[in-house]
Chemist: 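Quick one: this structure, given as structure tokens, is what I'll be asking you about.
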Protein chains: 2
Amino acid sequence: MAEDRRGRAAGTEAAAEAPVADVRADEARLRGFRISGASVHAALANEIGQRIVRGDYPPGTTLPNEQKWSQTFDVSRSAVREAIKMLMAKNLLVSRPKVGSRVEPRDRWNLLDRDVLGWYASAPDRLKFLRTVQEFRYIIEPEATALAATRRSEEQMAEITQACTEMGTARFLSERTEADTRFHVAILRASGNELLVPLGVLIESTLDNLFGFITREVNDLKYAQELHEDIEKCIRLQRPEAARKAVRRLLANTDEIIGRAASR
Amino acid sequence: MAEDRRGRAAGTEAAAEAPVADVRADEARLRGFRISGASVHAALANEIGQRIVRGDYPPGTTLPNEQKWSQTFDVSRSAVREAIKMLMAKNLLVSRPKVGSRVEPRDRWNLLDRDVLGWYASAPDRLKFLRTVQEFRYIIEPEATALAATRRSEEQMAEITQACTEMGTARFLSERTEADTRFHVAILRASGNELLVPLGVLIESTLDNLFGFITREVNDLKYAQELHEDIEKCIRLQRPEAARKAVRRLLANTDEIIGRAASR
DNA sequence: ATTATCAGATTTGTCTGACAATATCTTGAC
DNA sequence: GTCAAGATATTGTCAGACAAATCTGATAAT
């Protein structure tokens, strides 16, 4: 039901023979994304972005040209172009006339972008990724929380407190994870430094990745909840130094969970 | 000259009369960007993005529709769409059929993106921006440098050293600033944590903004150079704690320069 | 009176086909 | 061998059409 679409441009001739199976698979993958509600260009950006981050097209190489993509996925060139523009906006590639779209060196990628981080997180070695994020959190979160302890407004405090209690009363793990994320992001917002807020994607990514690991021990959840409440209390009482330490304890706990997952 | 832009919700007919002059001005501005080498969609993304960050279209409001942009700037709808897709990729807006493109809340913006940061930096209050970035650097750079001191490879060390010496021998301020940026970014790379690298844009932004302030005192440059060399030495000798302190001294010096500029 | 359903209108989404601009590569002249 | 001019491939830009989604308001049913 999908193969009949291929009718359009059998192209010149060469590409038509060999990659038939591949093309089928590509289409299937794209359809798979599309039915998940996204538009064509979004699904394309997702697919191509994932391939780049995954390493299918290493930095410095040029991607297939627009017409090729358009044939491969049986979509219009406009859709391909819009997808590529999105990836350009994330610094994954640059494109110039006649030369095509070249993958940028990794250290230019906008790794702290939600999508890019998502593609990056789905890389083969998740544990390594998690450890990198955790190291980053060790740098950011204690200081951000200390700032929050001194600068938070009452509204911000209320958000933090609410997220914390909702973590405790959540009845599903998904619900709890959502509140957990909200808790940490609220702290970043309360830090009073706008530049810290975008780093919330890192926390989101960590917790989403961790999602598969936890659930096991009830005691773990209980202890983690205590650690969160400690942090909430430090911010409420405006104790920056204590807040720093409380956050470090929580991160250490998270590290431990990751470590246990790694040794399984 | 900003209040007349507010023609938006004038709705169906009112908007047609008044903004004739504006349209001219808009076109002129766009041409101005275009002759600076960029493509149409890039120039458009720049213009619209800047307007959003500047606050012309506050979060939650709906932008003019695609046809309106296309008329205003006398470009094709495709170009507008590609520009908007770029801004979507930076989380500045979301667009849905029939409802239009809505500006996202500020805390969803990808503030650590190079372009967004650039637009943000050109806001009315540069000093405030600089102070925010500096606070962020205080959090990140000492730790990143400490990590670099323990983990740097020989190649990475060479890069750092080279950038440092080139800072010293630079004959133009622009050259020096470039080497300065390269120095700090090399340290981030050497930290061994990939997530730190994208934060280089912050340093780049700071130094670019500072560009207008310095030059004055030769002694300042000399002292700053010493501070950089201290950092280089700490990394070379693998002294993380000393590196942390050296970076804090440099940041304090930068703060002082900013403070002096502020009081003028 | 409130809710449910449907028709119409508006805006983005997608496709198509054409031509322009640009950079690379090739060919030819010197 | 070097340099210049042209061929060529690829993105950039444009115009116009239709599809899909969703908001609005009107009408009908409970």
Side-chain angles (χ1 to χ4, degrees), chain A residues 5-9 11-12 14-15 27 30-31 33-46 48 57 60-89 92-104, chain B residues 8-13 15 27 30-31 33-48 57 61-89 92-104:
Chain A
R5 275 258 177 48
R6 189 120 313 289
R8 197 191 329 103
T12 38
E27 272 190 41
L30 188 64
R31 301 277 165 232
F33 279 127
R34 284 212 54 186
I35 57 175
S36 78
S39 46
V40 173
H41 61 257
L44 264 177
N46 216 57
I48 301 178
Y57 308 99
T61 59
T62 57
L63 275 79
N65 64 34
E66 295 173 352
Q67 197 191 359
K68 188 82 197 316
W69 285 120
S70 132
Q71 288 169 0
T72 304
F73 289 119
D74 192 29
V75 298
S76 74
R77 210 186 128 207
S78 333
V80 174
R81 282 184 61 77
E82 287 175 8
I84 291 198
K85 288 294 160 295
M86 296 210 264
L87 300 179
M88 281 176 64
L92 259 59
L93 49 85
V94 292
S95 61
R96 292 162 59 198
K98 165 67 187 178
V99 68
S101 297
R102 278 224 179 81
V103 178
E104 287 271 89
Chain B
R8 189 194 340 114
T12 43
E13 78 292 75
E27 273 188 40
L30 188 64
R31 301 277 165 232
F33 279 127
R34 285 211 54 187
I35 59 176
S36 78
S39 46
V40 173
H41 60 257
L44 264 177
N46 217 56
E47 177 63 22
I48 302 178
Y57 308 99
T61 60
T62 308
L63 267 66
N65 65 35
E66 293 172 352
Q67 197 190 356
K68 188 84 197 319
W69 286 120
S70 128
Q71 287 168 2
T72 304
F73 289 119
D74 192 29
V75 298
S76 73
R77 213 188 125 208
S78 327
V80 174
R81 283 185 60 76
E82 287 174 8
I84 291 199
K85 289 295 158 296
M86 295 211 261
L87 300 178
M88 282 176 64
L92 258 59
L93 49 84
V94 292
S95 59
R96 292 164 57 199
K98 165 68 185 177
V99 67
S101 296
R102 280 226 180 81
V103 178
E104 287 270 89

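To find a chain, count down the sequence lines: A is the first, B the second, and so on, and within it residues start at 1. Here the structure is a predicted model, which is why all the values come from computation and not from measurement.
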Chemist: From B/R81 CZ over to A/S78 OG, what is the distance, rounded to the nearest 0.5 angstrom?
Modeler: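 So the CZ of B/R81 and the OG of A/S78 are separated by 8.5 Å.
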Chemist: Whole angstroms only, please: what is the CD1-C1' distance between B/I84 and C/dT11?
Modeler: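 It is 11 Å, rounded to the nearest whole Å.
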Chemist: Just N and O in the side chain of B/S78: are any of them under 4.0 Å from OP1 or OP2 of D/dA15?
Modeler: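 False: B/S78 side-chain N/O out of range (4.0 Å or more) of D/dA15 OP1/OP2.
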Chemist: When the distance from CZ of A/R96 to P of C/dC25 is rounded to whole Å, what number comes out?
Modeler: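 So the CZ-P distance, A/R96 to C/dC25, works out to 12 Å.
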Chemist: Answer yes or no: does a side-chain N or O of A/K85 lie under 4.0 Å from OP1 or OP2 of D/dT11?
Modeler: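 So the side chain of A/K85 is outside the cut-off, no N or O lying under 4.0 Å from OP1 or OP2 of D/dT11.
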Chemist: B/Q67 CD to D/dG16 P: how many Å, rounded?
Modeler: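 To the nearest whole Å, that distance equals 11 Å.
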Chemist: Just how far is it from atom CG of B/L44 to atom CZ of B/F73, taken to the nearest 0.5 Å?
Modeler: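 If we round to the nearest 0.5 Å, B/L44:CG and B/F73:CZ are 6.0 Å apart.
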Chemist: Give me the atom names and distance for the closest heavy-atom approach of B/V40 to B/A79.
Modeler: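 For B/V40 and B/A79, the tightest heavy-atom pair comes out as CG1-CB, 3.9 Å.
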Chemist: Starting the side chain at C-beta, find the nucleotide from D/dC14, C/dT11, D/dG12 nearest to B/A79.
Modeler: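 Side chain of B/A79 sits closest to D/dC14.
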Chemist: How many Å lie between CD on B/E82 and P on C/dT14, as a whole number?
Modeler: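 Going from CD in B/E82 over to P in C/dT14 covers 13 Å.
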Chemist: Once you round it to whole Å, what is the distance between P of D/dT10 and CZ of A/R77?
Modeler: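 After rounding, the gap between these two atoms is 11 Å.
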Chemist: In whole Å, I'd like the distance from the CG atom of A/L63 to the C1' atom of D/dT10.
Modeler: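 A/L63 atom CG is separated from D/dT10 atom C1' by 13 Å.
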Chemist: Do B/L93 and B/R102 have side-chain heavy atoms sitting under 4.5 Å apart?
Modeler: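 They are not in side-chain contact.
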Chemist: Respond yes when some side-chain nitrogen or oxygen of A/R81 is under 4.0 Å from OP1 or OP2 of D/dG12, and no when none is.
Modeler: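 It does, given that an N or O in the side chain of A/R81 lies less than 4.0 Å from OP1 or OP2 of D/dG12.
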Chemist: May I ask you to test the A/M86-B/M86 pair for a side-chain heavy-atom distance under 4.5 Å?
Modeler: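 No. Closest side-chain heavy atoms not under 4.5 Å.
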Chemist: Taking 4.0 Å as the cut-off, does a side-chain nitrogen or oxygen of A/S95 come that near to OP1 or OP2 on D/dG12?
Modeler: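 For A/S95, the contact criterion (side-chain N or O under 4.0 Å from OP1 or OP2 of D/dG12) is met.
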Chemist: Return whichever of A/R102 or B/V99 has its heavy-atom-nearest nucleotide of DNA chain C closer to the 5' end.
Modeler: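 Taking each residue's closest nucleotide, the earlier one in sequence belongs to B/V99.
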Chemist: Once you round it to whole Å, what is the distance between P of D/dT13 and CE of B/M86?
Modeler: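 So the two atoms are 9 Å apart, to the nearest Å.
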Chemist: Atom NE2 of A/H41 and atom P of D/dA20: how far apart are they, to the nearest Å?
Modeler: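 Result: 16 Å.
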